Amino acid sequence: MIPYGKQNIAQQDIDAVVAVLQSDFLTQGPVVPQFEHAVAQYCQASHAVAMNSATSALHVACMALDVTQDSLVWTVPNSFVASANCALYCGASVDFVDIDVTTGNLCPLALAAKLETARAAGRLPDVVITVHFAGQSCDMAAIAQLAGQYDFKVIEDASHAIGGRYQDKPVGNCDYSDICVFSFHPVKIITSAEGGMAVTQNEQLAQRMRSLRSHGITADPTLLTEPSHGPWYYQQQALGFNYRMTDLHAALGLSQLAQLDRFVATRNKLAQHYDALFAKVEGVTPLSQSDNQYSAYHLYVVRIAHSTGQLHEYLVTQLRAQGVFAHVHYIPIYLQPYYQQLGFEPGYCPASEAYYHSAITLPLFPSLTTAQQQHVVDTLCQLLSDWQKNHSALKE
Ligand SMILES: *Cc1c(COP(=O)(O)O)cnc(C)c1O
């Protein structure tokens, strides 16, 4: 079976983790700050806060931006559930902005229209969480312009996009957002096994996130609110969590970071090869790429023309039966039973639903071979032609 994504672990990664195992600290040692410093430098952010997952990072990012039960947070349906759950963890209300079907990303026109309606109704969002789907940056300049106009904060969920660029600068530089979050789950671009990181240019936000990831506790003498009792003294100043990353995970992440540019270059090369193969195939369209960005290509997604639920299900099932582990990203979040209970109804974001019924994620990872790519494309084309034959036969 060819998986849809897979980590790349080299001897240098193994050596880096073993070195930590043989050191004095398995957690809260020197490697987490080294990894944070390296990621901050890589993406030209002044602060980076490592956590045990991107989900944790999204949660404390919301908290740092004062998301509470009185807040309203908007995100897109075309994402992993964590992009919306983080707001619910804070007790906030969540709502969804529709996407552009050709990219899978938040549609700035849909956002502008929804903001106009929301202003008229007197309930504007406090925070908008954008998702750089499949590794391609959203139109951040347009989103930031609306953020200024309607006064909301912006979190970039860049779980798919470390190593990508927007307007010739690295994703994560926060030129157009308050906080940007990365995931290091094994299926993403680089991995720390489990792990995530929040980056920001704002020192106060970084400090709040650092406190919240570790119980809301600090021992920093400059932050204490009363005189220290002695050298053992620390204070809990907020209700935080244990969301810390370990040094073992950070060592793997740091070692992977050194290979990031090569991974992303390879992913782009493989994606271009798929694009060339599909250029000759009618009815199969890769996601469109806007030209002011460089995708990290976490996922390679094609859209099937005139796709119905039945054809979509047939293609993904048969691809898997024939050794190609195709996937679908994503079921619109609000169609999940938990979100249906909150009152969202099918049809709420039509573009996200149309996109969902047409999208197939094909295998893409750095060690994928061109022979495997040819097999993927041939298998999909054969299935499409089988389907068309059967269905035109039925009509006759
Ligand atoms: C993977 C992912 C997450 C969650 O990442 P974890 O590190 O597994 O918590 C959040 N958002 C998006 C868009 C993701 O793809």
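If you're wondering where the values come from, they're calculated on a predicted model, not measured in any experiment. Ligands are counted one by one from 1 in listed order, and the atoms in each one are counted from 1 as well.
Geometrically, ligand 1 and Ser183 share a nitrogen or oxygen pair separated by less than 3.5 Å. Checked against a 3.5 angstrom limit, the closest N/O atoms of Thr55 and ligand 1 fall inside it.
With hydrogens left out, the protein atom closest to atom 11 (N) of ligand 1 is Asp157 OD2, 2.7 Å, a heavy atom.
Exactly one residue among Trp74, Phe96, Tyr356, Tyr339 makes a ring-ring contact (aromatic ring centres under 6.0 Å, His included) with Tyr334. That residue is Phe96. Of the residues listed (Asn8, Thr191, Asp13), the one engaging Gln256 in a side chain to side chain donor-acceptor pair (under 3.5 Å) is Asp13, and it is the only one.
Shortest non-hydrogen contact noted between Pro363 and Tyr274 is O-OH, 2.7 Å. In plain terms, the two heavy atoms of Leu364 and Arg267 that are nearest each other are O-NH1, 3.4 Å.
Panel note: side chain Thr117, backbone Ala113; a donor-acceptor pair is recorded below 3.5 Å.
Between the side chains of Gln201 and Ser46, a donor-acceptor pair is found at a separation under 3.5 Å.
For ligand 1 and Ser79, the ligand atoms under 4.0 Å from any heavy atom of the residue are 13 (C). The contact set between ligand 1 and Lys188, taken as ligand atoms under 4.0 Å from a residue heavy atom, comprises 1 (C), 2 (C), 3 (C), 5 (O), 14 (C), 15 (O). Residue Ala54 approaches ligand 1 through these ligand atoms, each under 4.0 Å from one of its heavy atoms: 4 (C), 5 (O), 6 (P), 7 (O), 9 (O). Contact atoms of ligand 1 toward Ser159: 2 (C), 3 (C), 10 (C), 11 (N), 12 (C), 13 (C), 14 (C), 15 (O) (distance under 4.0 Å to a heavy atom of the residue). For ligand 1, the atoms closer than 4.0 angstrom to any heavy atom of Gly195 are 7 (O).
Under the 4.5 Å side-chain criterion, counting only non-hydrogen atoms from C-beta, Gln236 is not in contact with His215.
In this structure, Phe241 has its ring center closer than 6.0 angstrom to the ring center of His59.
At least one heavy atom of Tyr330 sits closer than 4.0 Å to an atom of ligand 1. For Ser56, the closest heavy-atom approach to ligand 1 does not fall below 4.0 Å.
The closest non-hydrogen atom to atom 15 (O) of ligand 1, taken over His329, His132, His160, Glu194, comes from His160.
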